[in-house]
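A short write-up of the structure that comes next.
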Amino acid sequence: DCEPGYSCAGGAASPASCAPGSFANQSSSIACTPCPKGAIPTANASGVMLCPSGMRQPFVGGAVCLECERGYFAADPGAEQCTPCAPGTVASDVRSSSCTPCAEGTHQPREGSVECLPCTGGESSGPGAESCDVCASDYFLAALPTRCGGDRCCPCGDVRGVSCGFNTTEATLNLNDQEWRHSSRTLETYLCLVRDGWSPCVGGSDAFKTVTAGSSRARRLEPTPGQEGDGYCQPGHGGPRCEVCTDPDTYFKALDAQCYECRDAFINLGWTALAVVLTAVLLATSLKVGCCRRSVQRVWWRVCALWRKIGLGAKLKQLVTNVQVLAAIPSVYMVSLPDGKYANWVEALEFPNLITAEIFTPSACLSGGYISLLLISSFWPWALALLAVLAMTARQAYRAGGGATDGGRFAFVRAVLLEGLFASLPLVLTLTFFVVAPASSRILKTFLCDPFTYDDATRESRSYLHDDYSLNCASSEYQAAENWALGLAFLWPIGIPVLYACLLFKSRKAILRHEPHQLSAAIKFLWAEYRPAYFWWEPLELLRKLTLTGFVIFIDEKYGLGRSLAALLLSLVFSAAHDFIQPYRTYVDNLLAKISHYALVLVYLAVTMLKVCEESEAVCEAFGTGSSGDVMFLLLFVVSTVLLGGLLLLAVARLVYENNRETGMLVFRAGGVPDLSLPRNSVWHLFLSH
């Protein structure tokens, strides 16, 4: 009998054991059966067993299992062939039953591999990656192939104000606090305002944020809610550098770098109006009472006499001019303040420039938006001047008794109008002097749009009005505002210097010959502090102020240092001209003007160096001021503060000195010294006291 594992062929004398690779699993088997692929016979050839995982048997009648080579695996028992490891996986040992995925930061593009390849050049990968398709930490995936010299991943340090985690792309860059960008398709980031640790910009990696339906943001910038770039802002903020308030009836206050409700501004306006009314009522009441009226008039006459005696008008005009010029530097010359700790100083410095429509209500709270603000800023001073003319005309008519003169009713009306006009001219000229810089700056800055990069691939940028970031400079509303500004330029930045020049030209003979007439006396505000030969200096001073605070805006910022260099050159020219001419009557006024000119030269030199520091940290370090412009701003701060303080101290010292001197001859009713100008062919004055 043939047992399992043996075969008994016909006529065989004895059973024969199965040959290698075959088996007989039954008794009395005539022949042994070859083993199938993936299996081998058992030890006594009485059956078959499958090759274990990690091994193969590719032949029929095979006697042994073969190990899988490195790079291959057999997951299940009974494998006929080993399977090569898929891309992204490897088998580093023989007889592998599975492949190991490549670790993070490695990859393997080929099958049947025994080891993973490391990612290089800032690239990285996830587990089991066939390629390095993401970027490592501190790198980001560039959207443009030429962004980093051909490398796919760019160092995160090449972009200011961002951080990069694993698998960061250009669209998912994480902006730091106080940083903003217009879209996820640009690497250009912008530093936001910071006030006492608060900033409207929170950074992050999401450029989008839903805007409240019906908000001013949705109404004025986009037809639908949501604007790319708003995702980097605090709640209620949006727009460029998050300086647009997205909630209805709110406005942005740059001093605090946050939004407030419009009703707060209206409440403040109400309190201000109430204070003005109460002051006017108190003054009017005191003038009605006989004793008070005489006391007030006496004090007023003495103040006026002292004012004229020591020439405080010239000193005040110099002070206001320099403050207005300094206050315009941050906005006109695009100088960013290095820290919010200077905000209170900037607020105090900008006080003379706050004589605009914004003292009544912010532009965001006006129904007409920026155009309403522009029109109010331009016309309210003229409305006040018209009221002054009407008041003075009514006063003259009252004094004239309302009767007709010998020339008839027309001649009477004409005479009264002329008297009222001449009487109001000093007030009107004083008002225009204080208001011309802020009003002109508002008009000229209508042409100043700040560009913000939107898409690096298409080189698209979007521009917004510098004074109102909610107004896109490509919108029809801005085009209307620009047209208004073109017309209003003839009312303020062009019209006022021309008005001053015409008035002085008309009065030139009376001034030069010391033969005052009604017009020359009415416009003393323009020429009284200057030597007669230089009576025309005031329009030049005004043009200098308007150039430094407004006209330089027309120098495109793409030329970098153009504005600050032009201001520096103009300050040098006027400084040299003043030293040569000495236009003021008194030594003190010439000295103060000289100090002012030299100080402005230093200030604009500091501004120029600060702009250089913004362009290149290496050049900034060459100046010995570190990699930032903080020291330059500190220089500007110190010089401007010393300038203003020096002017005030000198004025006070002059006041004390003159007040302690013997009081000269005064005309009591006129409230000042008598006009001792000499008529033609006269050489001396006679004073008869009684």
Problem set entry | Test salt bridge (charged side-chain N to carboxylate O under 4.0 Å, His left out) applied to Arg110 and Glu130, step by step | CA-CA 8 Å; Arg110 299 178 180 178; Glu130 300 180 20; over 6 Å; no
Exercise. Is the shortest side-chain N to carboxylate O distance from Asp158 to Arg147 below 4.0 Å?
Worked result: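 Looking at Asp158 and Arg147, the cut-off is not met.
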Problem set entry | Carboxylate-amine/guanidinium proximity below 4.0 Å for Arg462 and Glu460 |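 Between Glu460 and Arg462 there is a salt bridge, with a charged N closer than 4.0 Å to a carboxylate O.
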What I want to check is whether the side chains of [X] and [Y] have a donor and an acceptor closer together than 3.5 Å.
X      : Y      : value
Tyr232 : His182 : no
Tyr454 : Arg185 : yes
Glu104 : Ser125 : no

Problem set entry | Stepwise salt bridge (charged side-chain N to carboxylate O under 4.0 Å, His left out) check, Arg160 with Glu179 | CA-CA 9 Å; Arg160 184 184 60 82; Glu179 297 287 344; 2.7 Å; yes
Exercise. Stepwise, does the side chain to side chain contact (heavy atoms under 4.5 Å, CB included) test hold for Asp467 with Tyr370?
Worked result: CA-CA 9 Å; Asp467 274 1; Tyr370 181 79; 4.2 Å; yes
Mind listing the closest non-hydrogen atom pair of [X] and [Y] along with its distance?
X      : Y      : result
Val194 : Ser199 : CG2-CB, 4.3 Å
Cys154 : Ala142 : SG-CB, 3.6 Å
Leu465 : Lys445 : CD1-O, 3.6 Å
Asp455 : Thr186 : N-CB, 4.5 Å
Ala474 : Asn472 : N-OD1, 2.9 Å
Tyr139 : Cys164 : O-CB, 3.4 Å

For this session: Among Tyr478, Trp180, Phe252, Phe452, find the one that has a ring-ring contact (aromatic ring centres under 6.0 Å, His included) with Tyr469.
Result: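 That would be Phe452.
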For this session: For residues Leu187 and Glu170, determine if any side-chain heavy atom of one lies less than 4.5 Å from a side-chain heavy atom of the other.
Result: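 Yes, side chains in contact.
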Rounded to the nearest 0.5 Å, how far does [atom2] of [Y] lie from [atom1] of [X]?
X      : Y      : atom1 : atom2 : result
Ser46  : Gln26  : OG    : CD    : 12.0 Å
Arg152 : Cys135 : CZ    : SG    : 6.5 Å
Ser124 : Asp133 : OG    : CG    : 9.0 Å
Cys262 : Tyr251 : SG    : OH    : 7.5 Å

Exercise. Does the distance from Cys201 SG to Cys233 SG come in under 2.5 Å?
Worked result: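 The answer is no, since Cys233 and Cys201 keep their SG atoms 2.5 Å or more apart.
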Exercise. Less than 2.5 Å separating the SG atoms of Cys242 and Cys192?
Worked result: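 No, because the SG atoms of Cys242 and Cys192 are not under 2.5 Å apart, which misses the disulfide cut-off.
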Exercise. What's the verdict on side chain to side chain contact (heavy atoms under 4.5 Å, CB included) for Ile329 and Val607, showing C-alpha distance, side-chain angles and the deciding distance?
Worked result: CA-CA 8 Å; Ile329 288 176; Val607 171; 3.7 Å; yes
For this session: Return yes when atom CD of Glu69 has more than 12 non-hydrogen atoms of other residues, nucleotides or ligands closer than 6.0 Å, and no otherwise.
Result: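 Incorrect, the count does not exceed 12.
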For this session: Answer yes or no for Arg563 and Tyr333: cation-pi contact, defined as NZ/CZ to six-membered ring centre under 6.0 Å and angle to ring axis within 45°.
Result: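 Because its charged atom misses either the 6.0 Å distance or the 45° angle limit, Arg563 does not stack over Tyr333.
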Exercise. Backbone N or O of Gly47 within a donor-acceptor pair of the Thr42 side chain at under 3.5 Å?
Worked result: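 Side chain of Thr42 to backbone of Gly47, a donor-acceptor pair under 3.5 Å: yes, one is there.
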